Number of protein chains: 2
Amino acid sequence: MTAHDPVIACGNCPIRHNAICAECEADELSMLERAKSYKTVPVGTPLARAGEPLSHFSSLVKGCAAMSRTLEDGRRQTVGLLLPSDFIGRPGRATSPFDVTALSEVTLCRFERTAFERIVRDTPHVASRLLTMTLDELDAARDWAVVLGRMTAREKLAAFLLNLAQRQRSVRGMARPSGKILVALPMSREQMGDHLGLTIETISRQITALRKDGLIEVPSRQDIRILDYDALAFEAGDDGDGAPIA
Amino acid sequence: MTAHDPVIACGNCPIRHNAICAECEADELSMLERAKSYKTVPVGTPLARAGEPLSHFSSLVKGCAAMSRTLEDGRRQTVGLLLPSDFIGRPGRATSPFDVTALSEVTLCRFERTAFERIVRDTPHVASRLLTMTLDELDAARDWAVVLGRMTAREKLAAFLLNLAQRQRSVRGMARPSGKILVALPMSREQMGDHLGLTIETISRQITALRKDGLIEVPSRQDIRILDYDALAFEAGDDGDGAPIA
DNA sequence: GCGTCCACTTGACTTGGATCAATGCCGCCG
DNA sequence: CGGCGGCATTGATCCAAGTCAAGTGGACGC
């Protein structure tokens, strides 16, 4: 993206990790250092509420959160699952268009919003990195539209498990996995339903079906072991051409 | 977003229109001028194919296009409707993740990809504008997920008509409309179905239903007149709080 | 160790939208 | 002007997922 490769790493904080490079002045680094602060919150904490002001731009360092919208009659749709390296908020807008809720204990790397806007404006590496991240999120959101609009319940569940497996692995630095993979479900069946546009009962039935078909094991409520990655990818309508399912 | 307001306008081309400002050097302007070229193609032209290289970054100046993915079994989902000011392609990636097809005669303002990447890198205003546009598209894509995941066929159609009405008006510089509005449908029933995750028959039935309920008129196959904007917004689950339906 | 609670699972039935099958309508071309 | 072809509408039926209603089972407190 830029002429500089990221060099200086900083734990799981993607802003500093990806946006600062050794060739650039130390000023940028110290500016980011001064502006950022870490915060850890327990499971269930609302990190943002739709329409309400958001004082910080944050990047998720640890844990898992869900971005969702709830209609007046109670129907809820999760529009994004946030895992480490994903961000909350945006420069140039004071309010969040969605609710964001911590699905587990969550650690955030936070930047006060106006300070962050200044950083984005003055630091081409950060702006460039943020653009790349946003474009990637956009592609992922559009991929997910295919799942929501055109897939059966079984395909939706398979796509979800594969997506989760890939993202959990990629955080740990692994490429496309294969064979048996233990996937940690950081959410209840209800939240899975909200993510996939299904009811809790349908989620439950499809988990049972995939289990009976030998594609997955369910060691506990919050874990699913994928027994045959490629077979599950086939169920998800992924023809194996590497097209990412979100 | 930036310290500079856009001043120089250029027809419907959003890059130059929004990204260049009178306070900045003339160099930026002439660089963009040299790099860009216009191209007009007839209805049905493929503007991009999923997985295949994309030589240009383009912005849509006139007409309408659909971004879609087709599964192997023929199921298709439109993941984005492109209207004037929307863009095709992205810096930093040579291939398109989706098919893009012209739904009408389309005029593009095109920048050769590597030249555009240089412009984005060297011109903070363009980069900043592109980031804002991408963040807006991301919000819109996530809003659409609520429609696809949680709405009934009737609600989906209502949301679609409202969305189209708003976007067609906003191009012409109007805010949220009300009363009777003629919406031009730049697509077949099949393409509407692909956009909403419904079949052609369901689209047809729901149009008939909304017409019989006095919410819309159907003067021709490619036009729908909204008779009561607020009532239609109610059908779409829009509580009128101004929350955009995509 | 025993009850209680709550999330999950399973079963029975309903229903919204898909599917299959005509039929209608309009534009176009000879 | 008349026939042809493709899109759109309408009707009849089917089925996947939703809804409503019991169970189950593991975690936790007492």
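First the proteins, then the strands, lettered A, B, ... as listed; each starts at 1. Values in this document were obtained by computation on a predicted structure and should not be read as measured data.
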Q.
If I take atom CZ in residue Arg189(B) and atom P in nucleotide dA18(C), what distance separates them, rounded to the nearest angstrom?
A. 16 Å
Q: Quickly work out the Leu210(B) CG to dT9(D) C1' distance and round it to whole Å.
A: 15 Å
Q | Matching residue for Arg189(A) among Ile200(A), Thr199(A), Asp194(A), Leu198(A) - test: side chain to side chain contact (heavy atoms under 4.5 Å, CB included) | A | Ile200(A)
**Q.** Between C1' of dA17(D) and CE of Met151(A), the distance in whole Å
**A.** 17 Å
Q) Which of these nucleotides, dC8(C), dT10(C), dA8(D), is closest to any side-chain atom of Ser188(B)? A) dA8(D)
Q) Quick one: Glu155(B) CD to dG17(C) C1', roughly how many Å, whole number? A) 14 Å
Q) Rounded to the Å, how far apart are Arg150(B) CZ and dG16(C) P? A) 16 Å
Q) Is the count of non-hydrogen atoms from other residues, nucleotides or ligands lying under 6.0 Å from Glu112(B) atom CD greater than 12? A) yes
Q: Identify, residue by residue, the members of residues 195-207 of chain B with a heavy atom below 4.0 Å from DNA chain C, and return them in order of residue number, or none.
A: Gly197(B), Leu198(B), Thr199(B), Glu201(B), Thr202(B), Arg205(B)
Q: Run the salt-bridge test on Glu235(B) and Lys156(B) with the 4.0 Å N-O cut-off and return the result as yes or no.
A: no
Q: Kindly give the heavy-atom pair with the smallest separation between Ala48(B) and Leu54(B), and that separation in Å.
A: CB-CD1, 3.5 Å
(Q) To the closest 0.5 Å, what do you measure between CD1 (Ile181(B)) and CD1 (Ile224(B))? (A) 12.5 Å
Q.
In this structure, how many angstroms lie between the P atom of dG16(C) and the NZ atom of Lys156(B), rounded?
A. 14 Å
Q) Would you say the ring centroid of Phe160(A) lies under 6.0 angstrom from that of His195(A)? A) yes
Q) About how many Å separate OG of Ser58(A) and CZ of Arg110(A), when rounded to the nearest 0.5 Å? A) 6.0 Å
Q.
Measure CE/Met192(A) against P/dT9(C) and give the value in whole Å, please.
A. 9 Å
Q. Between dT19(C) atom P and Asp73(B) atom CG, what is the distance in whole Å?
A. 10 Å
Q.
What I want to find out is whether Arg76(A) reaches Asp99(A) closely enough, with some N-O distance under 4.0 Å, to be called a salt bridge.
A. no
Q | Residues in contact with DNA chain C, drawn from residues 212-228 of chain B - heavy-atom cutoff 4.0 Å | A | Arg221(B)
